Protein chains: 2
Amino acid sequence: MKTTINEIARIARVAKSTVSKALNGHKGVSEEKRQYILELAKKLNYEPSATAQALASNRTGSIGLLIPHEAAYSLSGAYWSAMITAIAQTATRHNYSLLILTTPHEGEISAPINTVIRRRNVDGLIIGAEQIDAAATSRLIEEEIPFVFIGRNSWIHHYAVDVDNLGGSERLVSHMIEQGYRKIGCLGGPPQYLYTQERVQGYQRALQKAGITWQAMYYTEYKSEETRRVLGEMLQDHPDMDALCVTAGGDLLLDCIDVLRLAGIHLKRFGLGAFDDYRFFDYLDIPVCTVRQPIDRLGELAASMLFSLLHHRKPPVMQQVLDVELILR
Amino acid sequence: MKTTINEIARIARVAKSTVSKALNGHKGVSEEKRQYILELAKKLNYEPSATAQALASNRTGSIGLLIPHEAAYSLSGAYWSAMITAIAQTATRHNYSLLILTTPHEGEISAPINTVIRRRNVDGLIIGAEQIDAAATSRLIEEEIPFVFIGRNSWIHHYAVDVDNLGGSERLVSHMIEQGYRKIGCLGGPPQYLYTQERVQGYQRALQKAGITWQAMYYTEYKSEETRRVLGEMLQDHPDMDALCVTAGGDLLLDCIDVLRLAGIHLKRFGLGAFDDYRFFDYLDIPVCTVRQPIDRLGELAASMLFSLLHHRKPPVMQQVLDVELILR
DNA sequence: CTGAAAGCGCTTACAG
DNA sequence: CTGAAAGCGCTTACAG
């Protein structure tokens with residue numbers, strides 16, 4: 001039924017080890033035999049068994065992507081979907097498969113990591129830098145399972161792809177200043193995330209360069225209730241605020257719009273800037289200026305970097321930082 | 001380093017076949033030995049090698065999900081992301097992994113199907129009913145690779161999970177009629193898709209029940225340009241249309257809004273209904289009434305159904321149809 | 001260059 | 001119930 005290496009060896013009257021070498025481009029086979037074997041393999045429509053190769057060579061031929069719980073939500077879903085597609089396509093080009101790993105509950109990173117370590121069902125991992133903790137990171141390193149971060153960490157310098165958070169944020173806020181806003185507040189995501197810190201820095205740098213001293217900095221962990229409470233306080237403390245820069249997009253921004261509307265703020269005259277771009281911002285009656293990340297490129301690069309590691313080639317750089325695009329509205 | 005079945009056999013002073021039987025709950029082992037072996041396995045932190053099991057038992061322990069090219073786009077991305085999460089979590093619960101398969105180019109279904117057939121890297125597949133053609137379907141059946149559809153087909157009766165498209169659409173349009181609209185047009189997706197046909201039927205049935213004879217039915221293949229052209233014609237042919245029902249959501253609806261706005265239509269008084277719900281509709285200055293699909297349940301059920309097939313159990317029903325929810329705005 | 005052999009870690013008849 | 005053996009389809013030293 002299915003063509004195996006044995007079948008080819010039998011027909012070609014050579015040892016299966018010879019077939020294996022020929023097929024894998026290893027040396028130790030005469031060019032003549034190699035050609036013959038390759039043709040035969042093609043004629044017989046031979047495809048190696050992924051499973052057998054995996055067992056014999058101790059590599060699975062697949063990589064894993066750990067996706068966070070929130071990927072199931074509408075807006076961050078768009079991000080993850082693009083990421084998954086980009087990574088899957090890159091993997092296919094490299095003859096690898098992409099395995100999706102999820103956490104059973106929010107933030108429970110250890111379950112999927114343990115499974116991967118014990119079952120050895122992937123050769124390497126791609127992980128969001130914010131998703132993982134130091135303990136899980138150490139275990140992966142100990143077990144010698146290669147991995148690449150999407151985004152960076154403040155507590156470990158590791159292979160990663162990231163975007164220019166600081167620059168993007170600075171350009172965003174500078175643009176808002178150009179538009180005439182002078183009292184721009186900033187609502188940051190979780191302060192322990194490196195990207196939050198960088199985006200906040202960008203905000204501050206833009207203000208500084210423009211010589212603006214007015215500043216208002218608040219943080220939220222992305223929980224809807226907390227966001228509403230914090231932004232409410234922010235508006236009370238700074239009733240003169242005329243614009244808001246949010247260090248993330250999606251649902252966080254929608255929550256903010258709710259609060260601003262409830263507070264009776266005239267949003268057409270209020271400046272709004274955010275990270276991550278969504279087409280539907282074009283349809284709001286509020287102009288939202290955003291920073292767009294090149295999600296496809298991020299995924300592609302993360303995968304390529306991981307494949308370099310899997311082939312024991314050092315990636316050209318340890319941390320690749322991509323430019324972002326300012327979307328004016 | 002890694003505990004194997006041989007290790008356990010050695011320590012327990014039994015044959016590895018006995019260990020295998022004990023671990024897998026097969027009969028032919030005394031209860032005493034089974035208990036001892038199970039404890040030993042736990043103590044040694046034993047986890048079977050996914051690869052070795054796969055090779056020996058001729059099953060891979062993973063299922064594949066074929067995602068379409070458009071999953072990379074923002075709005076349908078939200079749908080696929082939720083779907084992936086639901087399926088991945090169900091797979092994990094069943095001790096399976098989820099592999100993501102993508103098409104290299106739009107609509108090229110055969111490449112991933114061929115790979116799966118030849119490499120045997122999944123035990124079964126979940127596929128969107130619209131993604132696949134008759135040829136690919138036959139090949140999967142010939143090769144005895146079990147698969148389950150998300151949505152249904154008009155050309156093959158197969159295991160599938162779906163939503164009540166007709167009922168949802170009928171309720172949507174009935175609600176629009178209750179709101180006072182009398183000249184409701186319908187813009188359908190690709191007419192060859194079963195769900196388009198069903199949703200169009202629902203539209204027609206609602207009109208009929210209300211005794212409304214005014215009707216306008218147009219179709220688009222979801223390409224942005226085509227949608228704009230078709231809706232433009234629709235408005236020209238029926239300048240008295242006071243509402244529009246769109247048989248899909250996401251980008252298609254946004255394209256429609258563009259056209260309606262350009263045509264100078266006062267959208268607060270124009271009725272708009274669509275399939276698939278997105279939180280951001282709450283933020284439009286246009287009330288969009290939608291039909292929400294239970295994406296999580298769909299994914300979960302599709303996976304469960306596939307696992308039934310993999311274990312040679314007949315799923316309770318061949319085609320499971322879920323209710324939808326009307327979101328009023 | 002070439003091939004016989006061992007081995008990857010399991011499962012599964014089969015004989016005792 | 002128990003275990004020795006063959007086998008899944010490859011890869012990889014090793015000897016010739």
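All figures in this text were calculated on a predicted structure; none of them were measured in a lab. Throughout, protein chains are lettered first and strands after them, A, B, ... in sequence-line order, and every chain is numbered starting at 1.
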B/S/- contact track for nucleotides 8-16 of chain D, protein heavy atom under 4.0 Å: BBBBB----
Is it the case that the side chains of [Y] and [X] hold a donor-acceptor pair, with the cut-off being a distance below 3.5 Å and no angle test?
X       : Y        : answer
A:Glu31 : A:Gln35  : yes
B:Tyr96 : B:Arg59  : yes
A:Thr60 : A:Asp123 : yes

Whole-Å gap separating P (C:dT2) and CZ (A:Arg34):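 Result: 10 Å.
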Euclidean distance, atom CD of residue B:Glu31 to atom P of D:dC1 [Å, nearest integer]: 10 Å
Nucleotide-level pairing of DNA chain C, given in dot-bracket where Watson-Crick and G-U pairs need both distances under 3.5 Å and | marks other strands: |||.||||||||.|||
Rounded distance (nearest 0.5 Å) linking atom CZ of A:Arg139 with atom CD1 of A:Ile117: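 Those atoms lie 4.0 Å apart.
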Worked check of side-chain contact (heavy atoms from CB on, under 4.5 Å) between B:Leu298 and B:Val163: CA-CA 8 Å; B:Leu298 275 175; B:Val163 294; 3.9 Å; yes
Residue pair B:Thr90 / B:Phe307: nearest heavy atoms and the distance that separates them: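 Minimum heavy-atom contact is O-CE1, 4.1 Å.
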A:Leu322 and A:Val161, any side-chain heavy atoms less than 4.5 Å apart: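 SC-SC contact between A:Val161 and A:Leu322 ruled out.
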Qualifying side chain to side chain donor-acceptor pair (under 3.5 Å) pairs, either residue in residues 301-311 of chain A, two or more places apart: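 Residue pairs passing side chain to side chain donor-acceptor pair (under 3.5 Å), neighbours aside: A:His311-A:Arg313.
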